Amino acid sequence: MKAPAFDYLRPATIAEAVAALAEGAGGARILAGGQSLVPMLNLRVAFAETLIDIGAIADLRAVVDEGETVLIGAGVTHATLEDGTIGDHWRGMPAFVARDIAYRAVRNRGTLGGSLCHADPAADWPVAMMALGATMLLAGPDGERALAAKDFSVDVFTTALEEDEMLTGIRLPKLSPSARWSYRKMRKKAGAFGEAIAAVVHDPARGFTRVVAGSSAVGGPCRLEALEGAVALGSLAAEAAIRTALAEREPDLDRYEMQIHATCLRRAMKEVSS
């Protein structure tokens, strides 16, 4: 199948893209890397009266070192993060996450912002960005606003973006030299989405600790604050505590789902705490 007919725009600036979104009145869609949207259009599970291709907007591919944070443009590709050409201020974590997303052909086109806005509950970047304490920068007709990663993904395939807003950048705090992290994923084959994901980041110099689980089974990225105290103390939470934290977040996990999520979390927490 092929997508229904749509109008095509290729703005040169963020302001032009925002104006096109507003003019589209809910019928316009942003095209970033197209690795999810184009197949969905072809299968007619997504629709667009106007497709706004943001690939020509240079500001969306920019990376700015702000001192304690780095502003990464929403149009930066997975491959760019994998190759480490933007610099490594996170002790290798973004590159590690990126290189395990699908296949290189997908990573060459797919973008960080596109993945976050698609909000697939089994995707990697929503989990990793929440674990790193990212802030999302949004632009709309009324100006710009910032949202913490935990407030950006609100449901399965749903974000806090308004119809006339677009994600322009992701602000990531730098990790200190003493920071430790672990990212674990269970999947049935290479290139597939993870059936269970666990991300743990502990940065004692900043007093920052995050334990995040992800996948379709838990409805996307979720912070498990009950487990963060053990990580901060350098200890491993008891198996029962891990399972309790998961059950409180998603009480309908079956035995298999509980087992693989608890295993991912236990391994990630052990790696950071050891």
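Since the model is a prediction, treat every value here as computed from it, not as a measurement.
- Residues C264 and I197 have side chains not in contact (no heavy-atom distance under 4.5 Å, counting atoms from C-beta outward).
- Judged by distance alone, with hydrogens and angles left aside, the side-chain atoms of R91 form a donor-acceptor pair with the main-chain N or O of A179 at under 3.5 Å.
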Stepwise side chain to side chain contact (heavy atoms under 4.5 Å, CB included) test for L175 and R206: CA-CA 8 Å; L175 293 180; R206 294 169 46 228; 3.7 Å; yes
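- Counting heavy atoms from C-beta on, the side chains of W181 and F96 come closer than 4.5 Å.
- Looking at heavy atoms from C-beta onward, V200 lies in side-chain contact with V231 at the 4.5 angstrom threshold.
- Annotation: side chain of L265 is in contact with side chain of L224 (closest heavy-atom distance under 4.5 Å).
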Run the side-chain donor-acceptor check on residues 123-144: report pairs under 3.5 Å with partners two or more places apart or on a different chain.
unit_1 : atom_1 : unit_2 : atom_2 : d
D124   : OD1    : Y183   : OH     : 2.7
D124   : OD1    : K185   : NZ     : 3.1
D124   : OD2    : K185   : NZ     : 3.1
W125   : NE1    : H78    : ND1    : 3.0

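- Take R267 and apply the salt bridge (charged side-chain N to carboxylate O under 4.0 Å, His left out) test, not counting sequence neighbours, and it matches no residue.
- The salt bridge (charged side-chain N to carboxylate O under 4.0 Å, His left out) check on E257 picks up nothing, with sequence neighbours excluded.
- Judged as a side-chain hydrogen bond (donor to acceptor under 3.5 Å, both in side chains), the pairs with a partner in residues 242-254 (not counting sequence neighbours) are, in order, E239-R243, R243-Q259.
- Ion pair R180/D203 not flagged as a salt bridge, since none of the NZ, NE, NH1 or NH2 atoms sits closer than 4.0 Å to an Asp/Glu carboxylate oxygen.
- By the side-chain hydrogen bond (donor to acceptor under 3.5 Å, both in side chains) test, R99 is found to be paired with no residue, residues two or more places apart in sequence or in another chain being considered.
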Identify every side-chain donor-acceptor pair in residues 12-32 under 3.5 Å, counting partners at least two apart or on other chains, and give the distances.
unit_1 : atom_1 : unit_2 : atom_2 : d
T13    : OG1    : E16    : N      : 3.1
E16    : OE1    : A12    : N      : 2.9

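- Here F6 pairs with nothing under the ring-ring contact (aromatic ring centres under 6.0 Å, His included) rule; sequence neighbours left out.
- Within the structure, ring-ring contact (aromatic ring centres under 6.0 Å, His included) contacts touching residues 245-274 (residues at least two apart or in different chains) do not occur.
- T111 places none of its side-chain heavy atoms less than 4.5 Å from the side chain of I54.
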Name every donor-acceptor pair, under 3.5 Å, that has one atom in a side chain of residues 69-77 and the other anywhere in the protein, sequence neighbours excluded.
unit_1 : atom_1 : unit_2 : atom_2 : d
T69    : OG1    : E66    : OE1    : 2.7
T77    : OG1    : T80    : N      : 3.1
T77    : OG1    : T80    : OG1    : 2.9

Please list every donor-acceptor pair under 3.5 Å in which a side-chain atom of residues 146-155 meets a protein atom from a residue at least two apart or in another chain.
none

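- Within the 4.5 Å cutoff, the side chain of C222 has no heavy atoms near those of the V212 side chain.
- Residues that satisfy the side-chain contact (heavy atoms from CB on, under 4.5 Å) test with Q35, not counting sequence neighbours, are V106, R109.
- In summary, E82 and R104 engage in a salt bridge, as defined by a charged side-chain N under 4.0 Å from a carboxylate O.
- Residue pairs meeting the ring-ring contact (aromatic ring centres under 6.0 Å, His included) criterion with at least one partner in residues 196-231, sequence neighbours excluded, are absent.
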